[in-house]
There are 2 protein chains.
Amino acid sequence: MEKEISQTKECANTIMAIHDVMDLLNGKWKVSIIACLCCKKMRYSDLLREIKGISGKMLSRDLKELEINQLIKRNVLNTQPVTVEYEITEYGSTLKDLTSVIADWGFKHRKKIMAG
Amino acid sequence: MEKEISQTKECANTIMAIHDVMDLLNGKWKVSIIACLCCKKMRYSDLLREIKGISGKMLSRDLKELEINQLIKRNVLNTQPVTVEYEITEYGSTLKDLTSVIADWGFKHRKKIMAG
DNA sequence: CAGAATCCAACGGGATACTG
DNA sequence: CAGTATCCCGTTGGATTCTG
């Protein structure tokens, strides 16, 4: 009985935690952006090329939101014309496990679908 | 050079894999539903109560989509009135790592926000 | 109990054109 | 290059009501 209560409560906390994350990383693209920047620093145009299908509008909006949440950092370089570099923050890099687990499952899933 | 190419290519595949998953688990609620059902079988009304904030419409829509993708199973029981039980499939349970990693990060994040 | 149906607002997200 | 602005549509998602 006690165990059931604690399991139920723990489950509720889990749901809440997951909901927090899904809220922070909402939309189609944020996780991909994070994963990309976990690999290496990238510029706006690099990301646009690397992340197939994303539009400029969504990219800049998502970058802004991720920056606000301190998951990524925006560096403007003194070049002509301006170059802007995005990189993962230390805090953002704590998401690396998360992105790699997602990617791993995605690989397996794709294989399964292909095998069909 | 070879290494850079392979890293870039690997990164592209990762992005694609992540995009697949984000497509499959799109919306605010699906991951929470999966996580819930990883704990135990649940009925429609249970899920509605457990997952705070979800509406009936979204719950049934998401359950349907998850069922189509064979991540969960719907069992209708011969009772009066009808009872319906949802449970995770074997395939769906391969998402357990994913949900727990997300939840873990969510817990830490919440702590950080609280502290911050 | 387990939904389906309807209505409606808000947001996501693509295309295109424009700016410094 | 690195965005911003505008237009526009489809989807998401909540509230409420209805059904077997």
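Residue numbering restarts at 1 for every chain, and letters A, B, ... go by the order of the sequence lines.
- When the P atom of dC1(D) is taken as reference, atom CG of D46(A) falls 9 Å away, rounded to whole Å.
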Side-chain donor-acceptor pairs of residues 27-34 of chain A under 3.5 Å, sequence neighbours excluded:
{"unit_1": "K30(A)", "atom_1": "NZ", "unit_2": "N26(A)", "atom_2": "O", "d": "3.3"}
{"unit_1": "K30(A)", "atom_1": "NZ", "unit_2": "N26(A)", "atom_2": "OD1", "d": "2.5"}
{"unit_1": "K30(A)", "atom_1": "NZ", "unit_2": "E65(A)", "atom_2": "OE1", "d": "2.9"}

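- Note on the helix from dC1(C)-dG20(D) to dG20(C)-dC1(D): terminal axis deviation equals 40°, with five pairs used at each end and the result rounded to 10°.
- Here dC1(C) is the nucleotide among dG14(C), dT12(D), dC1(C) with the atom lying nearest to any side-chain atom of T83(B).
- With sequence neighbours excluded, the residues satisfying side chain to side chain donor-acceptor pair (under 3.5 Å) with T94(B) are W105(A).
- Applying the side-chain contact (heavy atoms from CB on, under 4.5 Å) test to D20(B) and every residue at least two apart in sequence or in another chain returns R110(A).
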Polar atoms only, N or O, under 3.5 Å: list the protein pairs with nucleotides 3-5 of chain D and their distances.
{"unit_1": "dG3(D)", "atom_1": "OP1", "unit_2": "R74(A)", "atom_2": "NE", "d": "3.3"}
{"unit_1": "dG3(D)", "atom_1": "OP1", "unit_2": "R74(A)", "atom_2": "NH2", "d": "2.7"}
{"unit_1": "dG3(D)", "atom_1": "OP2", "unit_2": "Y86(A)", "atom_2": "OH", "d": "2.6"}

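- For the ring-ring contact (aromatic ring centres under 6.0 Å, His included) condition, no pair includes a residue of residues 60-88 of chain A, sequence neighbours left out.
- For I113(B), the side-chain contact (heavy atoms from CB on, under 4.5 Å) partners are H109(B), not counting sequence neighbours.
- Between N26(B) atom CG and dG13(D) atom C1' there is a gap of 12 Å when expressed in whole angstrom units.
- Residues meeting the salt bridge (Lys or Arg N to Asp or Glu O under 4.0 Å) test with R61(B), sequence neighbours left out: none.
- A sub-4.0 Å separation between OP1 or OP2 of dA2(D) and a side-chain N or O of S45(A) is present.
- In the region residues 28-35 of chain B, proximity to DNA chain D at under 4.0 angstrom, judged on heavy atoms, holds for K28(B), W29(B).
- Among residues two or more places apart in sequence or in another chain, the side-chain contact (heavy atoms from CB on, under 4.5 Å) test is passed with S55(B) by K57(B), M58(B).
- Checked against side-chain contact (heavy atoms from CB on, under 4.5 Å), S60(B) has the following partners two or more places apart in sequence or in another chain: Y44(B).
- Identified under the salt bridge (charged side-chain N to carboxylate O under 4.0 Å, His left out) test for residues 66-88 of chain A, with sequence neighbours left out: K41(A)-E85(A), K73(A)-E87(A).
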